[in-house]
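Shown next, in C-alpha cells, is the structure this report addresses.
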Amino acid sequence: MNHDTRLQQLQLWLEQTLRHNHFSLAPASADASFRRYFRVTTQNETWVAMDAPPDKENCEPFVQVAHMLETCGVQAPHIFQHSKELGFMLLSDLGATPYLSKLESNNADHLYQDAINSLLKMQTLPTKPSPHNLPLYDEKLLQFEMNLCRDWYFDKHLQRKLTEKQQGVLHSAFDILTQNALQQPQVFVHRDYHSRNLMITDTNNPGVIDFQDAVIGAISYDLVSLLKDCYIAWPRQKTEGWVHYFLELSPQLSGTSFAQFMRWFDLMGAQRHIKVLGIFARLNHRDGKPAYLNDLPRVLAYVFDTCERYEELHDMLDLLNELNLKPNINALKLIRD
C-alpha cells in the first residue's frame with residue numbers, strides 16, 4: 001500500500017480508537033525499518049501512533065518487550081491500543097528530545113548515569129527460561145551480523161572482493177569476537193541502546209524506544225552501544241569513568257576486574273561496529289537511505305581503535321590497512337565541548 005492509503009487508514013483507525021476526530025496528526029519520526037511514527041495531538045493530550053505495515057513488520061516482539069520493560073521499571077512507551085490486523089498502535093508520548101540532540105560535556109555524566117541506571121534495571125529481567133522466548137544472541141546470530149560487513153561494506157560499498165587469505169583473516173577475527181561475547185554473563189539485551197533511542201523525560205529518565213529486536217546476550221553489549229555510540233564519541237577517559245559506574249552497580253559482575261570487563265567491552269564494541277559498517281552500507285545501497293554513510297567514518301575509527309589496542313586483532317588491523325582503509329583520526333573526537 002502506498003503512503004497516502006496507510007495514512008488514511010491510520011486516521012480512520014484513530015477516529016474510531018479515540019472516539020472523535022478532533023486531533024492533529026504530524027510525523028514524529030521514522031527509523032531504519034518500515035515503521036513510521038506520528039504524533040497525535042488533541043486539545044489536552046498527545047500520543048504517538050505507530051504505523052507498521054503487517055506484511056513488512058511483525059509487532060509482536062515490540063508488544064512483548066514493551067510489557068517486559070514496564071515490569072522492571074524502565075520507561076518504555078505504554079501501549080494503549082493495538083490493531084494487529086492493521087499494523088497500528090497507539091502509544092504514550094515520550095517526547096521529542098532524544099539524547100543525541102542535547103548531549104554536551106556539562107550534562108553527559110548526569111544523562112549517561114540515568115541511562116546506565118535504566119540499563120541495570122533491564123538486566124534484572126530473567127533469562128531462564130527466556131522471557132517470551134526472546135532469541136539468543138548466539139554464535140549463529142553474532143557471525144551473521146558480522147558477515148554483513150563482508151557482504152555490504154567490503155563487497156558492495158567498497159567494491160573489494162576479499163581473497164581467500166583475507167577472508168580467512170576476517171573469519172578468525174570474527175571467531176575471536178564471537179567467543180568474547182559468549183563467555184560473558186548473558187542478560188536481556190536491548191540491542192540498539194544509544195543516543196537516538198533514548199528520550200529525555202522529566203521523570204524516570206530516559207524514555208527507551210526501538211527495543212523490538214531484544215535478545216538474550218552479552219552483558220557488555222548495550223553498554224558499548226551507549227558509550228561507543230555510532231552517532232557521538234567521547235574521550236576514552238570519560239568512557240572508562242562511565243564503565244566504572246556500571247561495573248560498581250552491576251550485581252552480575254561482582255568480582256569481575258575492571259581490566260577483564262574492559263576487554264569484554266572493547267571486543268564487544270568491535271563486533272557491533274563491524275556489523276554496523278555492513279548495516280549502514282546496506283541502508284544506503286538496498287534501502288535508499290544514504291544519510292547513514294555520514295557516520296561510517298566514526299564507526300570505522302572505532303574498529304581501528306580496538307584492533308590497535310588488542311594484539312589478537314592485529315591481523316584484522318593489517319587487513320584493513322591492506323584494503324587502504326584510513327581511519328579519520330578526528331572521527332572519535334567529534335565531541336561537544
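Judged by distance alone, the side chains of Tyr310 and Asp266 do bring a donor and an acceptor atom under 3.5 Å apart. Counted by atom type alone, Gln123 and Ser250 present zero donor-acceptor pairs between their side chains at under 3.5 Å. Looking only at atom types and distance, the side chain of Gln183 has a donor-acceptor partner in the side chain of Trp264 under 3.5 Å away. Inspection of the His20 and Glu15 side chains reveals no N or O donor paired with an N or O acceptor under 3.5 Å. Side-chain contact, Tyr112 with Asn117: no donor N or O sits under 3.5 Å from an acceptor N or O. Side-chain polar atoms of Gln9 and Asp51 form no donor-acceptor pair below 3.5 angstrom.
At a threshold of 4.5 Å between non-hydrogen side-chain atoms, the residues Val208 and Leu198 count as touching. The side-chain heavy atoms of Leu90 and Ile79, taken from C-beta on, include no pair separated by under 4.5 Å. Two residues are said to be in side-chain contact when any heavy atoms from C-beta on lie closer than 4.5 Å; Lys84 and Glu60 meet this criterion. Counting heavy atoms from C-beta outward, Tyr193 and Leu223 have side chains that stay 4.5 Å or more apart. Within the 4.5 Å cutoff, the side chain of Val65 has heavy atoms near those of the Leu134 side chain. Looking at heavy atoms from C-beta onward, Leu94 lies in side-chain contact with Pro77 at the 4.5 angstrom threshold. Here the side chains of Thr178 and Met146 are in contact, with some heavy-atom distance below 4.5 Å. In this structure, Met89 and Phe62 have side chains that are in contact, with non-hydrogen atoms separated by less than 4.5 Å.
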Evaluate the salt bridge (Lys or Arg N to Asp or Glu O under 4.0 Å) criterion for residues Asp210 and Arg35: first the C-alpha distance (whole Å), next the side-chain angles of each, then the deciding distance (0.1 Å), finally the verdict. CA-CA 10 Å; Asp210 205 17; Arg35 290 180 297 273; 3.5 Å; yes
Output, in order, the C-alpha distance, side-chain angles, deciding distance and verdict of side chain to side chain contact (heavy atoms under 4.5 Å, CB included) for Leu247 and Gln260. CA-CA 11 Å; Leu247 191 57; Gln260 172 65 74; over 6 Å; no
Assess the residue pair Trp152 and Ile279 against the criterion (side chain to side chain contact (heavy atoms under 4.5 Å, CB included)); give the C-alpha distance rounded to whole Å, side-chain angles, the decisive distance to 0.1 Å, and a yes or no. CA-CA 7 Å; Trp152 287 96; Ile279 289 176; over 6 Å; no
Given His273 and Val303, is the side chain to side chain contact (heavy atoms under 4.5 Å, CB included) satisfied, shown in steps? CA-CA 6 Å; His273 294 128; Val303 175; 3.6 Å; yes
Quick one: do Arg272 and Asp192 satisfy salt bridge (Lys or Arg N to Asp or Glu O under 4.0 Å)? Show the steps, please. CA-CA 10 Å; Arg272 174 171 171 80; Asp192 226 3; 3.0 Å; yes
Decide side chain to side chain contact (heavy atoms under 4.5 Å, CB included) for Met268 and Phe265; before the verdict, give the C-alpha distance in whole Å, the side-chain angles of both, and the deciding distance to 0.1 Å. CA-CA 5 Å; Met268 192 75 258; Phe265 173 87; 5.8 Å; no
Test salt bridge (Lys or Arg N to Asp or Glu O under 4.0 Å) on Lys161 and Asp155 and set out the steps. CA-CA 5 Å; Lys161 271 288 186 186; Asp155 288 2; 3.6 Å; yes
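Surrounding NZ of Lys156 are at most 12 heavy atoms belonging to other residues, nucleotides or ligands under 6.0 Å away. By the neighbour-count criterion of 12 heavy atoms within 6.0 Å, atom CD of Glu311 is sparsely surrounded, having that number or fewer from other residues, nucleotides or ligands.
Salt-bridge formation is not detected for the pair Asp151/Arg282: no Lys NZ or Arg NE/NH1/NH2 atom is positioned less than 4.0 Å from an Asp or Glu carboxylate oxygen. Taking 4.0 Å as the cut-off between side-chain N and carboxylate O, Arg263 and Glu312 count as a salt-bridged pair. Ion pairing of Asp109 with Lys238 is present here, as a side-chain N (NZ or NE/NH1/NH2) and a carboxylate O approach within less than 4.0 Å.
Heavy atoms only, all atoms of each residue included: Asn204 and Gly73 are closest at ND2-O, 3.1 Å. Closest approach of Leu100 to Arg196, counting heavy atoms only: CD2-NE, 3.6 Å.
The CG atom of Leu323 lies 5.0 Å from the CZ atom of Arg160; values are rounded to the nearest 0.5 Å. Put simply, CZ on Phe258 and CE on Met262 are 5.0 Å apart, with the number rounded to the nearest 0.5 Å. We find the OG-CG distance between Ser220 and Leu267 to be 8.5 Å, quoted to the nearest 0.5 Å. Between atom CZ of residue Phe280 and atom CG of residue Leu296 there is a gap of 7.0 Å, rounded to the nearest 0.5 Å. For the atom pair Glu45 CD and Leu18 CG, the distance stands at 9.0 Å (nearest 0.5 Å). Considering CZ of Arg36 and CZ of Arg6, their distance stands at 7.5 Å, rounded to 0.5 Å.
For Tyr137, the ring pair (Phe, Tyr, Trp, His ring centres under 6.0 Å) partners at least two apart in sequence or on another chain are Tyr221. With sequence neighbours excluded, the residues forming a ring pair (Phe, Tyr, Trp, His ring centres under 6.0 Å) with His157 are Tyr153, His285, listed by chain and number. Phe261 is linked by a ring pair (Phe, Tyr, Trp, His ring centres under 6.0 Å) to Phe246, counting only residues two or more places apart in sequence or in another chain. Evaluation of the salt bridge (Lys or Arg N to Asp or Glu O under 4.0 Å) rule for Glu240 yields Arg236 as partners, not counting sequence neighbours. For Asn205, the side chain to side chain donor-acceptor pair (under 3.5 Å) partners two or more places apart in sequence, or in a different chain, are Tyr99, Asp114.
Checking side-chain atoms of Asp305 against main-chain N and O of Ala301 turns up no donor-acceptor pair under 3.5 Å. Between the Thr17 side chain and the Leu14 main chain, no donor and acceptor come within less than 3.5 Å of each other. At distances below 3.5 Å, at least one donor-acceptor pair connects side-chain atoms of Gln186 with backbone N or O atoms of Ala181. When atom types are taken as modelled, the side chain of Asp93 and the backbone of Gly95 share a donor-acceptor pair closer than 3.5 angstrom. With His190 contributing its side chain and Ile209 its backbone, the two residues share a donor-acceptor pair below 3.5 Å. A donor-acceptor pair under 3.5 Å links the side-chain atoms of Asn107 to the main chain of Lys102, judged by distance alone. At distances below 3.5 Å, at least one donor-acceptor pair connects side-chain atoms of Asn321 with backbone N or O atoms of Leu317. In terms of modelled atom types and a separation under 3.5 Å, the side chain of Ser101 and the main chain of Pro98 share a donor-acceptor contact. Checking side-chain atoms of Gln271 against main-chain N and O of Leu177 turns up no donor-acceptor pair under 3.5 Å. Not one N or O on the side chain of Thr46 forms a donor-acceptor pair closer than 3.5 Å with the backbone of Thr42.
In the hydrophobic cluster analysis, where Ile, Leu, Val, Met, Phe, Trp and Tyr join through side-chain heavy atoms closer than 4.5 angstrom, Val48 is grouped apart from Met199.
The side-chain tip of Arg191 does not point at the ring of Phe211 from less than 6.0 angstrom away and within 45° of straight on.
Here the options are Ile274, Leu277, Asp295, the test is side chain to side chain contact (heavy atoms under 4.5 Å, CB included), and the partner is Leu300; only Leu277 passes.
Ring geometry, Trp13 versus Phe88: the interplanar angle falls from 30° to 60°, so the pair is classed tilted.
Hydrophobic cluster membership for Leu12: none, as no Ile, Leu, Val, Met, Phe, Trp or Tyr side chain comes under 4.5 Å of it.
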